There are 4 protein chains.
Amino acid sequence: MPKPTRTRRRTDATVDRRESILDAALECFVLRGFHGTAIPEIAKGAGIAAGTIYHYFPSKEAMVNALFRKWKGEIAQRVLTAFPAGAPVRDQFRVMWRTMTDFALSHPRAFAFLELHHHQDYLDDESRVMENNLKDFGALMVMRAQQEEQVKPGSTALLMELVFGAFIGMMRAHWDGRVELNADQQAFAEQACWDAIALHRP
Amino acid sequence: MPKPTRTRRRTDATVDRRESILDAALECFVLRGFHGTAIPEIAKGAGIAAGTIYHYFPSKEAMVNALFRKWKGEIAQRVLTAFPAGAPVRDQFRVMWRTMTDFALSHPRAFAFLELHHHQDYLDDESRVMENNLKDFGALMVMRAQQEEQVKPGSTALLMELVFGAFIGMMRAHWDGRVELNADQQAFAEQACWDAIALHRP
Amino acid sequence: MPKPTRTRRRTDATVDRRESILDAALECFVLRGFHGTAIPEIAKGAGIAAGTIYHYFPSKEAMVNALFRKWKGEIAQRVLTAFPAGAPVRDQFRVMWRTMTDFALSHPRAFAFLELHHHQDYLDDESRVMENNLKDFGALMVMRAQQEEQVKPGSTALLMELVFGAFIGMMRAHWDGRVELNADQQAFAEQACWDAIALHRP
Amino acid sequence: MPKPTRTRRRTDATVDRRESILDAALECFVLRGFHGTAIPEIAKGAGIAAGTIYHYFPSKEAMVNALFRKWKGEIAQRVLTAFPAGAPVRDQFRVMWRTMTDFALSHPRAFAFLELHHHQDYLDDESRVMENNLKDFGALMVMRAQQEEQVKPGSTALLMELVFGAFIGMMRAHWDGRVELNADQQAFAEQACWDAIALHRP
DNA sequence: AATGAATGAGGCTTCATTCAT
DNA sequence: GATGAATGAAGCCTCATTCAT
């Protein structure tokens, strides 16, 4: 039984088309960046006329922001949903790492778009807010781990950024074909990053 | 014996102007990216006419490649020069980390341009080769450290990319104002990254 | 015997909708001109979908011509209906002036559209013919007045155009807020225009 | 001996080209209006590439405003220069009328552009100010004539607008081929308009 | 060598019109 | 009839590049 989709103006066909535009845009933006991508390229990728894009987005900037928010929201939601609230910190870290890895491997272009490109130029305020949601969550986890004395005392933000950076570096190397990422490698990397922040006591 | 500089003599004035163009370009590219920057903007930044740029670079693409190589070469040379060949691995790591930090802090725009932007689109083959010089060097160091059993056994490339990624993440957070980077913080981050790859024995 | 209205019957609803389209178009054309007005704007003003307009008019040009003819016909009909055929010329002039003033004041947008805009671009032949109906009638009146030696001998057309132009100038100044138009002012202007053409004898 | 033209950046060639653009634009705007004219049409008329226009005007709107001010200023200057300050009012009126007629006949397109089109849409504030300069001057003349009891008492603005409107009506009829304008006709029309506002005493 | 006006292709966006629903 | 999504030509404007001075 199909659920009575949405308000009205967004029929299934409308949503599908909108998504296909976002997909095509993602493909282009990852390859050539926002400024390097022409609207007709995206339209061709989505199999529609250039003008049609403007039925779904008022401008190229609005489109890139919608794309950014779509995927930034998606990844944040996955991490938050998967997070094992009551589990030991070490497990929380592992789950979070795995969730992000799973996402990045199953949506490589989305991840590349989100994390490998500089967006300062065209993101609006709402998007900028989302930018930091995930990091804020990660910082919270690190901070609690510090309180439990399982993670080094010191700048929470710095530790979190190191781990996040390492994760992105790993993924970038993967896309570029410089490192494989089988299950062992993933676990190995995860452990290394934990070691980076873990409090090592005698 | 230094070879007699290229096909044609380059006067000091010529070199200076060329550099001022590259500086202006750097400024623009960091802010708006390659595709988002117009040649006249760069010319204005350099205090010259737009047409003059074409006396120094045959095209916008050639210019961005020259810029990329200039700074990628600069950072590589610094790291190589500073590298303490005979010192213990732990010291080598520290020196390398510090050298890169010093560079990134004293040339923030150059570092941002090199590491925070996606260049796939316009880099030529020669630039692409340079892209990996530093990482190759880092990988070599890690490999030797593995042989000395001071760094975890496993994928050398992966370990190196994690450290590099963490470094970039730290720097990005610094530019964005999310973390401070005083001497203590720098040392703290360096130690954390060493812990990530170090072989912890009982 | 009136012919049985065109090829197809027009229901009241059809006529109403057609009128509401013309009203909305009038509003837009006065503000931004024909070329400056988009069909969807008119549709929105009429509270219908853009495509619907094409059930009533085959094209934007056809619509603007219909609009022009509607109002040009309306004003002509009023003047002709009100015209006191047997009255003295001075009275005829006064009635005609008043009729036009009444129309212009009660349908300001229609008058502005008709007389304050340049239509050369898009009017078809049929509309162009109507353009001059009123002036021809005015010219006829002036000519008879000349025959009665109450109006200066000389170019009938020129006298008529002067009066018409003065009338339009007065109205334009009124729309623009530069002159008030109470009953006294209207009478004052009418007298001035009569003086312009009247034959003043010693 | 050529005078040392202008500041610098406006060389003779530059000025000429700018003028040729304005001339071409005038031609187009008179025929099809501002919104009905495409930049490439103007460029073709001026014999240059479309992009070149943007070296002389930052936008189409800026261009139409420059055009408006150029001609509005020209006509105002002519009228003011020709005005016989100490002469009898009747002569002042005649001179002003003739000056405007001469201008309108020798620059028909400029006059048509200025007075036969609706500009509300795209004129900026500075242009709007110029719009009324000439009328203000005319109103002043009328007011003094009223003080001398040679022109009817009553709304100065209204009288002036009637005359101005009559003048425009005459010119429009001339362009449209409905009235000739030889010297006799011009004098005839001028006298008629004077009669419109003159105070007729027994 | 330096300039900056000129070019014209190409970018983003609008819009009259069509057509499947 | 009514709708409004879709189209694609065309509009305004930008910009890498050239070239006469």
Side-chain angles (χ1 to χ4, degrees), chain A residues 8-11 13-14 17-18 34-43 46-63, chain B residues 8 11 13-14 17-18 34-44 46-63, chain C residues 8 11 13-14 17 34-44 46-63, chain D residues 8-11 13-14 17-18 35-43 46-63:
Chain A
R8 176 66 48 87
R9 307 199 319 144
R10 292 204 169 170
T11 66
T14 294
R17 178 104 29 159
R18 194 184 142 94
F34 176 72
H35 290 296
T37 297
I39 290 280
E41 289 178 81
I42 298 172
I48 59 175
T52 304
I53 286 185
Y54 290 84
H55 283 280
Y56 295 89
F57 305 98
S59 71
K60 195 184 176 190
E61 282 215 358
M63 190 182 65
Chain B
R8 210 182 297 179
T11 67
T14 294
R17 185 150 308 195
R18 192 184 143 93
F34 175 72
H35 290 294
T37 297
I39 291 281
E41 286 179 85
I42 298 172
K44 181 181 292 184
I48 59 174
T52 305
I53 286 184
Y54 288 84
H55 286 288
Y56 296 89
F57 304 98
S59 72
K60 195 185 174 189
E61 283 216 356
M63 190 182 65
Chain C
R8 212 183 296 181
T11 67
T14 294
R17 185 150 310 193
F34 175 71
H35 291 293
T37 297
I39 290 282
E41 286 178 84
I42 298 172
K44 181 181 292 184
I48 59 174
T52 305
I53 286 184
Y54 288 84
H55 286 289
Y56 296 88
F57 304 98
S59 71
K60 196 185 175 189
E61 283 216 355
M63 190 182 64
Chain D
R8 175 63 49 88
R9 308 201 315 146
R10 292 204 171 170
T11 65
T14 294
R17 178 107 24 162
R18 195 184 141 93
H35 290 296
T37 297
I39 290 282
E41 288 178 82
I42 299 172
I48 58 176
T52 304
I53 286 185
Y54 290 87
H55 283 281
Y56 295 89
F57 304 97
S59 71
K60 196 184 174 190
E61 282 216 356
M63 190 181 66

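Fair warning: this is a prediction, and the values are worked out from it, not measured in the lab. So you know, we letter chains A, B, ... as the sequences are listed, proteins then strands, and number each from 1.
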Rounded to whole angstrom units, what separation is found between the [atom1] atom of [X] and the [atom2] atom of [N]?
X	N	atom1	atom2	value
A/R18	F/dA5	CZ	C1'	15 Å
C/F57	F/dG1	CZ	P	12 Å
A/I42	E/dT13	CD1	P	10 Å
C/H35	E/dA16	NE2	C1'	13 Å
B/F34	F/dC15	CZ	P	13 Å
C/M63	E/dT17	CE	C1'	13 Å
C/I39	F/dT3	CD1	P	15 Å
A/E61	E/dT13	CD	C1'	13 Å

field: Reported CE-to-CZ distance for the pair D/M63 and D/R18, which is rounded to 0.5 angstrom
entry: 10.5 Å

task: Drop me the distance from D/R17's CZ to D/Y56's OH, to the nearest 0.5 angstrom.
output: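 D/R17 atom CZ to D/Y56 atom OH measures 5.0 Å (nearest 0.5 Å).
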
For the side chain of [X], starting at C-beta, report the closest nucleotide among [options].
X	options	result
C/I48	F/dT3, E/dA6, F/dA5	F/dT3
A/S59	E/dT13, F/dA16, E/dA16	E/dT13
C/A49	F/dT3, E/dG11, F/dC12	F/dT3

message: If you assign D/P40 and A/I53 each to the DNA chain F nucleotide with the nearest heavy atom, which residue ends up on the more 5' nucleotide?
response: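 Here A/I53 is the residue nearer the 5' end.
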
task: For D/A50 and for C/G47, find the nucleotide of DNA chain F with the closest heavy atom, then tell me which residue's nucleotide is more 5'.
output: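 The answer here is C/G47.
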
Contact summary for A/F34 and A/K60, nearest pair of heavy atoms: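 Nearest pair, atom of A/F34 first, then A/K60: O-NZ, 3.0 Å.
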
message: C/A49: which residues meet the side chain to side chain contact (heavy atoms under 4.5 Å, CB included) condition with it, sequence neighbours left out?
response: C/T52

For nucleotides 19-21 of chain F, print each protein N/O atom paired with a nucleotide N/O atom at under 3.5 Å, atom names and distance only.
none

- prompt: Is the phosphate of E/dA5, meaning OP1 or OP2, less than 4.0 Å from a side-chain N or O of D/Y56?
  reply: no

message: If you compare every side-chain N and O of A/R17 against the phosphate oxygens of F/dA6 (OP1, OP2), does one of them come in below 4.0 Å?
response: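 Checking A/R17 against F/dA6: at least one side-chain N or O falls below 4.0 Å of OP1 or OP2.
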
Exercise answer: donor-acceptor pairs, residues 35-44 of chain C side-chain atoms, under 3.5 Å, sequence neighbours excluded:
| from | atom 1 | to | atom 2 | distance (Å) |
| --- | --- | --- | --- | --- |
| C/H35 | NE2 | C/D121 | OD2 | 2.4 |
| C/T37 | OG1 | C/C28 | O | 3.3 |
| C/T37 | OG1 | C/G33 | O | 2.7 |
| C/E41 | OE1 | C/R32 | NE | 3.1 |
| C/E41 | OE1 | C/R32 | NH2 | 2.6 |
| C/E41 | OE2 | C/A38 | N | 2.7 |

query: Name the stems with DNA chain E in them: runs of three or more consecutive Watson-Crick or G-U pairs, distances under 3.5 Å?
result: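 Counting only runs of 3 or more consecutive pairs, the stems involving DNA chain E are E:2-21 with F:2-21.
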
